[in-house]
Every structure is written in structure tokens, then in C-alpha cells.
Amino acid sequence: MASIILVEDNTLIREAVAGYLQLDNHQTIEFGSVQGVMETVERNIADLIILDVMLPDGSGFSLAKSIRKVSDIPIIFLTAKDSESDRILGFELGADDYICKPFSAKELVLRVQALLRRFDTTKKAKSDSPSGLWKLDNSVAHLDTTQHSLTIDDKNVSLTGAEWKILVYLASNCGQVISREQILSECFNYFFEGSERTVDTHIANLRGKLGGGWIVTVRGFGYKFQGQYLQED
């Protein structure tokens, strides 16, 4: 049983979603607006957030950005904003899934179950975390997955949510060739027409920020992180 924050201003939708989640033996903490959500997140009593984007007192996108500064709690956007640019923005802000209205309540519950399992597995695998010092030629990087921070040669590197997820995933599988499909599945849990090109764009931006040859292309197969792991945090 998980405790799930549900932020939805439409009362009928909020009550329906809460009912399905409760039938699946989850507890719900319900909000009709942004007010009070951050305080609940900071209390660290919830396991997942289902978040609308268009709220009466603020934007769900802005709220997710604030949440990601203090917590890695899984976030599912549940919204009528269904354009490709909105979906990409949602994932860049740190969302773990993005569901467009109208939606299937059964599918939503299944996605919640899958995300909770994946997040629990991630927590259990912290011993495999890529946090620590990495070396490539004469450059040294310090990757801290707890603080969501990266420095290269003692200079801070600012990454978007999407870039961070890709970097951590590639570093966790250092030396292995990772396909675009694997990145989409493991980092974003979504696929739509053109999404593979979106991965290429994120990789290009990430390379520009990292510099050097930290991430290489294996033509026809995918990408590979090739730093040398020096020391665990």
C-alpha cells in the first residue's frame, strides 16, 4: 500500500481517481490546488504524486520544478495538455510518466503500480549508484545522485531533468551500449512519433555541457558512457 498525493482541481475526476486508487489499497492525500502540496512533499509522507498541470492557483509544471529541488518522489502528470512540446516539457521538469485526458482509470492504476515497483527497485539498488568520482583523460567528474549535482574539473554543470536521468542511466551502465529505446523506456517511460529524435537532442545538449568524449555514439546501436569510475562517495 502506497500513500499518493493527488492534485486535481476537477472534483469529479479527483474523486474518481481517488476511488480507483483506494480500491487498489492505496491511501490518497487530495488537493484541488497548488496550496499545501509542497508542505506535504517536504514532510516525506507520500510515495508518489499524480499532478494536473492547469490548476486554479498555479501551474503543475512550476510545482513539479519546485518539488524536484527537494525530492525525487515519482511524479505522474495527468493533464489535458497533450501536445508533444508539453509532454517533453513535463519530462524535462522531472516527471516519471505523462498521461493525457481523457484517460483510462484502469490504465492509470496500472501505471501507478509499475512506477512504484520501478522506484522501489531503484531504491534497493542504491549500492549500484554511479555517485562518486569519474575520470576521462585529464578530466575528473563528481556525480552526486543524492544531491542531484554534477561538477567537472570543479566546475558546476547545470542539467535539465531529462539530461540528468539520461546521464545517471548511462553512467550506471558504463561501458555498455544503450539504445534510444532503452533510454526512452528506463528514463522517460514513454514513446511517441519522433521521440527517438528527442533522445538525440537531449544527448547532444548533454554532450555540449559535459564536453570531451564522456558519451560516444555507437552508430546504428545507441550511446555509451565511457568514463572510468575512481571512487564511491
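Note that these values count all heavy atoms, side chains included, but never hydrogens, waters or copies made by symmetry.
Phe61 meets the ring-ring contact (aromatic ring centres under 6.0 Å, His included) test with Phe77; sequence neighbours excluded. With sequence neighbours excluded, no residue forms a ring-ring contact (aromatic ring centres under 6.0 Å, His included) with Tyr223.
Although no hydrogens or angles enter the test, the distance criterion places a donor-acceptor pair under 3.5 Å between the side chain of Ser66 and the main chain of Ser62. Under a 3.5 Å cut-off, the side chain of Arg14 and the backbone N or O of Glu30 do not form any donor-acceptor pair. Between the side chain of Asn173 and the main chain of Gln176, no donor-acceptor pair closer than 3.5 Å is present. Between the Lys209 side chain and the Ser158 main chain, a donor and an acceptor come within less than 3.5 Å of each other. For the pair Ser3 (side chain) and Asp47 (backbone), a donor-acceptor distance under 3.5 Å is absent. Under a 3.5 Å cut-off, the side chain of Lys135 and the backbone N or O of Asp137 do form a donor-acceptor pair. The backbone N or O of Cys100 lies less than 3.5 Å from no partner atom in the side chain of Asp82, so there is not a single donor-acceptor pair. Ser172 contributes a side-chain N or O that, together with a main-chain N or O of Val168, makes up a donor-acceptor pair within less than 3.5 Å. Without hydrogens or angle criteria, Gln182 side chain to Ser179 main chain gives a donor-acceptor distance under 3.5 Å. A distance-only check finds no donor-acceptor pair linking the side chain of Asp24 to the backbone of His26 [under 3.5 Å].
In Tyr20, the OH atom is not crowded: 12 or fewer heavy atoms of neighbouring residues, nucleotides or ligands sit closer than 6.0 Å. Atom CG of Asp57 has more than 12 neighbouring heavy atoms from other residues, nucleotides or ligands inside a 6.0 Å radius.
Atoms CG and CD, on Leu6 and Gln22 in that order, are 9.5 Å from each other to the nearest 0.5 Å. Rounded to the nearest 0.5 Å, atoms CG (Asp97) and CG (Leu51) are 12.5 Å apart. Distance CZ/Phe91 to OG1/Thr160: 13.0 Å, rounded to 0.5 Å. Distance check: Leu210 CG to Leu167 CG gives 6.0 Å after rounding to the nearest 0.5 Å. Atom NE2 in His142 sits 7.0 Å away from atom OG in Ser131 (nearest 0.5 Å). Rounding to the nearest 0.5 angstrom, the gap separating the CD atom in Glu15 from the CG atom in Asn10 is 9.5 Å.
For the 3.5 Å distance criterion, the side chains of Thr217 and Arg207 qualify, holding a donor opposite an acceptor. A donor-acceptor contact closer than 3.5 angstrom is absent between the side chains of Gln35 and Ser33.
Salt bridge present: Glu8 and Lys101 bring a charged side-chain N and a carboxylate O closer than 4.0 Å. The pair Arg111-Glu107 meets the salt-bridge criterion, since a charged nitrogen lies less than 4.0 angstrom from a carboxylate oxygen. Using a cutoff of 4.0 Å between basic side-chain nitrogens and carboxylate oxygens, Lys165 and Asp96 are scored as salt-bridged.
In this structure the side chain of Asn205 reaches within 4.5 angstrom of the side chain of Glu163, judged on heavy atoms. Annotation: side chain of Asp52 is not in contact with side chain of Leu78 (no heavy-atom distance under 4.5 Å). Within the 4.5 Å cutoff, no side-chain heavy atoms of Lys224 are placed close to those of Ile178. Residues Arg68 and Leu93 form no side-chain contact, since every pair of their non-hydrogen atoms from C-beta on lies 4.5 Å or further apart. Between Met54 and Lys81, the closest side-chain pair of non-hydrogen atoms falls below 4.5 Å. The closest side-chain heavy-atom distance from Phe103 to Val17 is below 4.5 Å. Looking only at side-chain heavy atoms (C-beta outward), Leu108 and Ile50 come within less than 4.5 Å of each other. Using a 4.5 Å cut-off on side-chain heavy atoms (C-beta onward), Ile49 and Ile4 make no contact.
The two residues Phe225 and Ala171 make their nearest non-hydrogen contact at CD2-CA, 3.8 Å.
Linking Ile, Leu, Val, Met, Phe, Trp and Tyr residues whenever their side-chain heavy atoms come within less than 4.5 Å places Phe31 and Val70 in a single cluster. By the criterion of side-chain heavy atoms lying less than 4.5 angstrom apart, applied directly or through intervening Ile, Leu, Val, Met, Phe, Trp or Tyr residues, Ile45 is grouped together with Ile5 in one hydrophobic cluster. Note on Phe221 and Ile166: separate hydrophobic clusters, where clusters join Ile, Leu, Val, Met, Phe, Trp and Tyr whose side-chain heavy atoms are under 4.5 Å apart, directly or indirectly. There is no path of hydrophobic side-chain contacts, each under 4.5 Å, that joins Leu110 to Leu116.
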Self-check item: salt bridge (Lys or Arg N to Asp or Glu O under 4.0 Å) assessment of Asp200 paired with Arg180
Solution: CA-CA 8 Å; Asp200 294 338; Arg180 295 176 180 85; 2.6 Å; yes
Exercise. Verify side-chain contact (heavy atoms from CB on, under 4.5 Å) between Ile67 and Met38, making sure each step is shown before the conclusion.
Key: CA-CA 7 Å; Ile67 289 170; Met38 276 301 300; 3.5 Å; yes
Exercise. Report the C-alpha separation of Trp164 and Leu143 in whole Å, then their side-chain angles, then the decisive distance to 0.1 Å, and conclude whether the side-chain contact (heavy atoms from CB on, under 4.5 Å) test is met.
Key: CA-CA 10 Å; Trp164 177 260; Leu143 181 64; 3.5 Å; yes
Could you tabulate the donor-acceptor pairs under 3.5 Å formed by side-chain atoms of residues 147-156, not counting sequence neighbours?
{"from": "Asp153", "atom 1": "OD1", "to": "Val140", "atom 2": "N", "distance (Å)": "2.9"}
{"from": "Asp153", "atom 1": "OD2", "to": "Ser139", "atom 2": "OG", "distance (Å)": "3.2"}

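Taking the six-membered ring for Trp and thresholds of 30 and 60 degrees, Tyr229 and Trp134 have ring planes inclined between 30 and 60 degrees apart.
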